[in-house]
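Since the structure is predicted, the reported quantities are computational estimates derived from the model, not experimental observations. The chains referred to below are lettered A, B, ... by the order of the sequence lines, with proteins before strands, and numbering in each begins at 1.
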Amino acid sequence: MYQAPRGTADLLPDVQPYWSFVRSQAESVARSFGYGRIDTPIFEDTGLFLRTVGEETDIVQKEMYSFKDRGDQNLTLRPEGTAPVCRAYLEQGMRNLAQPVRLFYTCPMFRYDRPQAGRYRQFHQFGVEAIGDGDAAVDVEVIQLAMTMLGSLGLSDLTLVLNSIGDATDRPAYLNALRDYFSPHLDKLGADDRRRFDTNPLRLLDSKDPAVQPLLENAPRSVDHLGGPAQEHWEQLKAYLNDVGVHYEEDHRLVRGLDYYTRTVFEIHPKVEGAQSAICAGGRYDGLIEQLGGPSTPGIGFAAGIERMILNLQRQNIEPPPDRPAPVVVAYRGDSAKSRGLQLAAVLRSEGLTVILAPERSLKAQMRYASSVGASQVLILGEAELAKDVVTLRDMAAGEQHEVPIADAGRHIVGT
RNA sequence: GUGGGCGUGGUCAAGUGGUUAAGACGCCAGGUUGUGGCCCUGGAGAUCGAGGGUUCAAACCCCUCCGCCCACCCCA
C-alpha cells in the first residue's frame, strides 16, 4: 500500500470548513487593507532561496526540497513566500505601479523537517508583502492586518512580540558587541551555540539552553545598537502602534531565522505555552530587493501558518461555518420515477439548490441515506406522485410532508 | 539530524507464544409489502505497518526498515 509521503496530509471534506473559513477570512481582511492576490510558481530557481534566505540558515542547509529537472536546472520547491514575491516584483516591473505594492498569497510551502504538532513538510501559509515604502506606518499596517485577520477568526489570547534588529549597516557593530559579551563565557556554550557564536551570533539570543539563559539577561540589545534612521523608525513604529491601540510586548531576544530581515521583526503567538507556538511571523526586509539585483527598495510582510491557525481554532473550540448547504435528496420508487427524479434533480440544481439523487435502494434505505447525509428535505417520487404530476416534499427535521406540483418543487424548498 | 512513545478491519479498541483474532462505532441488508433519526437481527470488511529471524507453533520474542504522535533543533 502506498502512503502519503511523510509530513503531508490528505484533507478530507470534514476538515475543509476550517480551511475555507481561514482562507476566506484572511483573504477578505487582506482585501480590506487594499491587498491584491498574487500566485507565484510552486518551484523556483534554487539560487533565489540560497541568496535571500541565507546560505547559513537551517532552511537552506537542510530543509529544501531541491532537484534538477530534465534540462539540468536547479529548482527548489518553495520553502517560503517572500523571496518569490520579491522576484516577481522585480521581474514583472511592479516598481512602475503605485508604491507600496500590496500583495497577499495563500499557498503550499515545502520544508524537509521532522513533522510534529503544527509542523509539516508540505504546509500552507497565508502571507502579505508591502513593497516599496519604508515608512513605519506601513509596518503598522502589516501588523494590524495580521492582528485583524487572526481576530476575525475568533482567536483570542494572542501576544504580539516585537523587536528591531537594525539595518545592515548597524549589524556589524552589534554582532561585535554580542561576541564581546559572549566570548568570556564560551566554555558555558553548547556545541550548537558555539557554532552560532561563529556563524550567526544573533541566534544566540534565542538559545533554549538552560545554561545560557542567565547570560541572556544582560546580553547587549539590538535596539541599543540601532543607527539613527533605524532608531527613528523603531520609535515611530511604537508610537503608531500605541496610536492605533495595538498592544505589543518588546522582546529583545526576538531574532528571525531568515537572513533578509532588517529593522522590524515580529511574531504572534497564543498565550498558552507550547512548541511551535508562533502562528504568524514577519518583518521588514529593506535589503532584499537590492540583493536580488534590483534597486534599493524597502519591503515588509508576514506569513501565517494555516495549519497552525486551524490547530488553535480547534484548541479554542471555535467551529467554522459549514462550507456547503444541507442537500435536498430526491428519493424514488420505480424506474420511471427514477428517471423523472434524475430530471427533477437537474432542474433544481439549475435553480441553485444542492441536490443528491438517492442511491437505488428500498425507499426505507433511501430515507436512511438522506438522513445520514444531513438532508434537510427529501423529495419523494413514486407511482402515485407521477400519476398526479406532483412530488412529496418531506421536511426531515419536522417529520412532516405534503405534495407539491413537480413543476414548482423548487419554490417550496426552504432553508438550505 | 537527536531523544521518547506507538503501529491489530474505515475509526476506536481487546488480545503478551498454541484451535475459526473479541467488542464498539461506521458501512450494507432486513424487521411484510411507499418513508429516516431510537431499537432489534443479519452481513461484508484484518495478508495483526513491511521484510527477515527464533520456535513444532508468533499479532504476541529478536533484528532491520517504514510510518504516526510528542519533544529538541528549526520554523509558519
Check: Between A/Q116 and B/rC70, is there a side-chain N or O to OP1/OP2 distance below 4.0 Å?
Finding: no
N/O donor-acceptor pairs under 3.5 Å from side chains in residues 393-400 of chain A, not counting sequence neighbours:
from: A/R394; atom 1: NH1; to: A/Q401; atom 2: OE1; distance (Å): 2.8
from: A/D395; atom 1: OD1; to: A/A397; atom 2: N; distance (Å): 3.1
from: A/D395; atom 1: OD1; to: A/A398; atom 2: N; distance (Å): 2.8

So [X], base contact, sugar-phosphate only, or nothing? Heavy-atom distance under 4.0 Å.
{"X": "A/Y332", "result": "nothing"}
{"X": "A/G7", "result": "sugar-phosphate"}
{"X": "A/R121", "result": "nothing"}

Restricting to nitrogen or oxygen on both sides, can you table the protein-nucleotides 42-47 of chain B pairs closer than 3.5 Å?
none

Notebook entry, point to check: Considering residues at least two apart in sequence or located in another chain, which fulfil the ring-ring contact (aromatic ring centres under 6.0 Å, His included) criterion with A/H124?
Noted result: A/W19
Item checked: Closest to the A/A281 side chain, choosing from B/rA76, B/rA71, B/rC68 -> B/rA76
Below 3.5 Å is the cut-off: list the nitrogen or oxygen pairs between protein and nucleotides 2-9 of chain B, distance only.
from: B/rU2; atom 1: O4; to: A/R114; atom 2: NH1; distance (Å): 2.6
from: B/rG3; atom 1: O6; to: A/R114; atom 2: NH2; distance (Å): 3.3

Checklist line | Option among A/D286, A/N163, A/D139 that satisfies the side-chain hydrogen bond (donor to acceptor under 3.5 Å, both in side chains) test with A/T264 | finding: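 It is A/D139, the one option of A/D286, A/N163, A/D139 that forms the side-chain hydrogen bond (donor to acceptor under 3.5 Å, both in side chains) with A/T264.
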Margin query: For a quick check, with a 4.0 angstrom heavy-atom cut-off, what is the B/S/- contact string for nucleotides 28-40 of chain B, read 5' to 3'?
Written below: SSBB-SBBBB---
Notebook entry, point to check: Does RNA chain B take part in any stems of at least 3 consecutive Watson-Crick or G-U pairs (both distances under 3.5 Å), and if so, which ones?
Noted result: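 So far as stems of 3 or more pairs are concerned, RNA chain B shows B:1-7 with B:66-72, B:10-12 with B:23-25, B:27-31 with B:39-43, B:49-53 with B:61-65.
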